[in-house]
Undergrad: 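One structure is given below, represented as structure tokens, and several questions about it will come after.
Note that these values count all heavy atoms, side chains included, but never hydrogens, waters or copies made by symmetry. All residue numbers refer to positions in the sequence shown, counting from 1.
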Amino acid sequence: MTMVSRITYVAGVLLIVGGSLSFELTRFEQLNEAKKNTFIKIKNLNVPAGVTLDLTNLKEGTTVEFIGRTTFGFKEWDGPMVKITGKNLRIAGVKGNLLDAEGQRWWNGRGAEQGLRKPRMFEAIVDDSVITGLNFKNPPQACFVCNWCHNVHISHLNVDAKDGRNGLAFNTDGFGIGYAKNITLTDSYVYNQDDCFVTGAGEDILVQRLTCEGGNGISVGSLGGGAKVERVTIKDSKIINNLVGVNVKTGWNVQGALKDITFDNIELVDIQQFGITVHGNEGHPKFPGGDPTPFPIENLTINNVERKFERSWRCQRLGMGRSW
Ligand SMILES: *[C@@H]1O[C@H](CO)[C@@H](O)[C@H](O)[C@H]1NC(C)=O
Ligand SMILES: *[C@@H]1O[C@H](CO)[C@@H](O)[C@H](O)[C@H]1NC(C)=O
């Protein structure tokens, strides 16, 4: 095709503006066509039931923008509802965007494993990329996962599963980052019913200005199987009305290691159980009792973690660990 004017209209959907290709994806059938471009605008898209919005193998350097409300059909399946892979990508939500999974159609208070099968919501496996400004609403179970990601800056994400409070939306983990390297997650918010942020493997992870409400706190652990978690810093964050605040955990009867883990300047407000917990036997039949599995935790720093609106600090032995 030739570019005869500033804007050329081809097949009803392809816009060429100043030489950069931009495709507006409004109907799911256009997906393969959209992926041939390096600027994809996903606008008010309805994704059919039981299929992934498959943004895998995007061209290097692609920008994806989410505009308006993205919705998904209902089916019992494992998901993910959205999957993105590629290199040097920019994944951005335009002001007012909403990825609305309408998880209330699946929630039954029994979590990911029981009753209805529930799809995971969003999965990215990307390198040298930026993910910013996405608003997620009512994930059926785990919301945002960036496993095997490298050199990724994630910012201004919102996870809102408030409609599922009091256990209805159990297992709606906010952010999961595993087997990843050099990741920053900043200026983000989660209201959910499980871990706000969790990592079980990876290195050079910085979480800053994260606000967590309603869930199970921020967890740094190891998935076992030899998985190491190294150089993880969580700072300048706030955990409100969660079951626990800061949770450092290692599994029972598994192998792995934690090294250079820092929590700095964390405000804990109205935590229901423990402000800080460190334990070495998650999964033990007698948990939180029972013997811990020997497991190296090296250079764990917990600095300036403040708990508010509590009459007294509790202290209780938990396996080899302690909880405050
Ligand atoms: C870490 O990732 C950022 C992008 O978020 C990049 O600018 C930086 O160069 C990366 N650092 C290393 C050591 O690769
Ligand atoms: C402990 O970890 C911090 C980063 O969390 C690092 O700056 C410091 O050098 C480490 N200290 C030792 C003794 O390894």
Undergrad: Mind checking the CD-CG spacing from Q193 to D173? Nearest 0.5 Å is all I need.
TA: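 With rounding to 0.5 Å, CD (Q193) is 11.0 Å from CG (D173).
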Undergrad: Do any pairs count as a side chain to side chain donor-acceptor pair (under 3.5 Å) and have a residue in residues 138-148, sequence neighbours left out, and if so which ones?
TA: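 Qualifying pairs: Q104-N138, N138-D163.
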Undergrad: Taking the six-membered ring for Trp and the full ring for Phe, Tyr or His, determine whether the centres of H156 and Y189 are under 6.0 Å apart.
TA: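 Aromatic pair excluded; centres sit 6.0 Å or further apart.
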Undergrad: Would W106 and F74 count as a close aromatic pair, with their ring centres under 6.0 Å?
TA: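 Yes; F74 has its ring centre under 6.0 Å from that of W106.
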Undergrad: Closer than 4.0 angstrom, basic N to acidic O: yes or no for R117 and D78?
TA: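 Between D78 and R117 there is a salt bridge, with a charged N closer than 4.0 Å to a carboxylate O.
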Undergrad: With the side chain counted from C-beta on, respond yes when L243 and F274 share a heavy-atom pair under 4.5 Å apart, and no when they do not.
TA: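 When only atoms from C-beta onward are counted, F274 and L243 do not touch, as no gap falls below 4.5 Å.
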Undergrad: How far apart are the C-alpha atoms of I234 and F197, what are their side-chain angles, what is the distance that settles it, and do they pass the side chain to side chain contact (heavy atoms under 4.5 Å, CB included) test?
TA: CA-CA 10 Å; I234 317 281; F197 169 88; 4.1 Å; yes
Undergrad: Taking R231 first and then D204, would you say they form a salt bridge - that is, a charged N and a carboxylate O separated by under 4.0 Å?
TA: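 Salt bridge flag = yes for D204 with R231.
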Undergrad: Would you please name every residue forming a disulfide bond (SG atoms under 2.5 Å apart) with C146, sequence neighbours left out?
TA: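 Checked C146 against disulfide bond (SG atoms under 2.5 Å apart); matches are C149.
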Undergrad: Enumerate donor-acceptor pairs with a distance under 3.5 Å from any side-chain N or O in residues 80-94 to protein atoms, sequence neighbours excluded.
TA:
unit_1 : atom_1 : unit_2 : atom_2 : d
T85    : OG1    : N57    : N      : 2.7
K87    : NZ     : D128   : OD2    : 3.1

Undergrad: Could you walk me through whether N108 and K118 satisfy the side chain to side chain donor-acceptor pair (under 3.5 Å) test, starting with their C-alpha distance in whole Å, then the side-chain angles of each, then the deciding distance to 0.1 Å, before giving a yes or no?
TA: CA-CA 10 Å; N108 57 359; K118 304 173 182 69; 3.1 Å; yes
Undergrad: What's the spacing between I239 CD1 and L210 CG if we round to 0.5 Å?
TA: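 Interatomic distance, I239 CD1 to L210 CG, rounded to 0.5 Å: 7.5 Å.
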Undergrad: Just wondering, do I297 and T250 contact through their side chains at under 4.5 Å, heavy atoms?
TA: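 Yes; the side chains approach each other to less than 4.5 Å.
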Undergrad: For A34 and F23, which heavy atoms make the closest approach, and how far apart are they?
TA: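 It is CB-CD2, 3.5 Å.
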Undergrad: Would you say the rings of F136 and F122 are close, in the sense that their centroids are separated by under 6.0 Å?
TA: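 Ring centres of F136 and F122 closer than 6.0 Å.
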